[in-house]
Amino acid sequence: MLVLLEPQFRGVDQMVKSQFEACPDATIRYATKGLHFIMYDDWDWFSKQF
């Protein structure tokens, strides 16, 4: 499972990781910029995640 989040979530990284701990194959990545719609706000980063 690939989880893509906006950069503001870095501040609560431990909480985010705890929410996905039941999924051992989860990969969490944080965008370099952007707000709610990272696919529009940070297209270059987003398009390289797959």
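Starting from 1, each residue takes its place in the sequence as its number.
There is a path of hydrophobic side-chain contacts, each under 4.5 Å, that joins L2 to M39. F20 is not connected to L4 by any chain of hydrophobic side-chain contacts under 4.5 Å among Ile, Leu, Val, Met, Phe, Trp and Tyr, and they are in different clusters. Under the 4.5 Å side-chain heavy-atom criterion for Ile, Leu, Val, Met, Phe, Trp and Tyr, V16 and M1 are members of the same hydrophobic cluster.
Closest approach of P7 to T32, counting heavy atoms only: CG-C, 4.1 Å. Here the shortest heavy-atom pairing between L5 and I38 reads N-CD1, 4.2 Å.
To the nearest 0.5 Å, atom CG of residue D42 and atom CD of residue E6 are 11.5 Å apart. Distance check: E21 CD to Q14 CD gives 10.0 Å after rounding to the nearest 0.5 Å.
Relative orientation of the F46 and F50 rings is perpendicular, given thresholds of 30° and 60° on the angle between their planes.
Among M15, K17, R10, the one residue that satisfies the side-chain contact (heavy atoms from CB on, under 4.5 Å) test with D13 is K17.
Between K48 and D44 there is no salt bridge, since no side-chain nitrogen of the basic residue lies less than 4.0 Å from a carboxylate oxygen of the acidic one.
Of the possible donor and acceptor atoms, one in the side chain of Q49 sits under 3.5 Å from a partner among the backbone N and O of W45.
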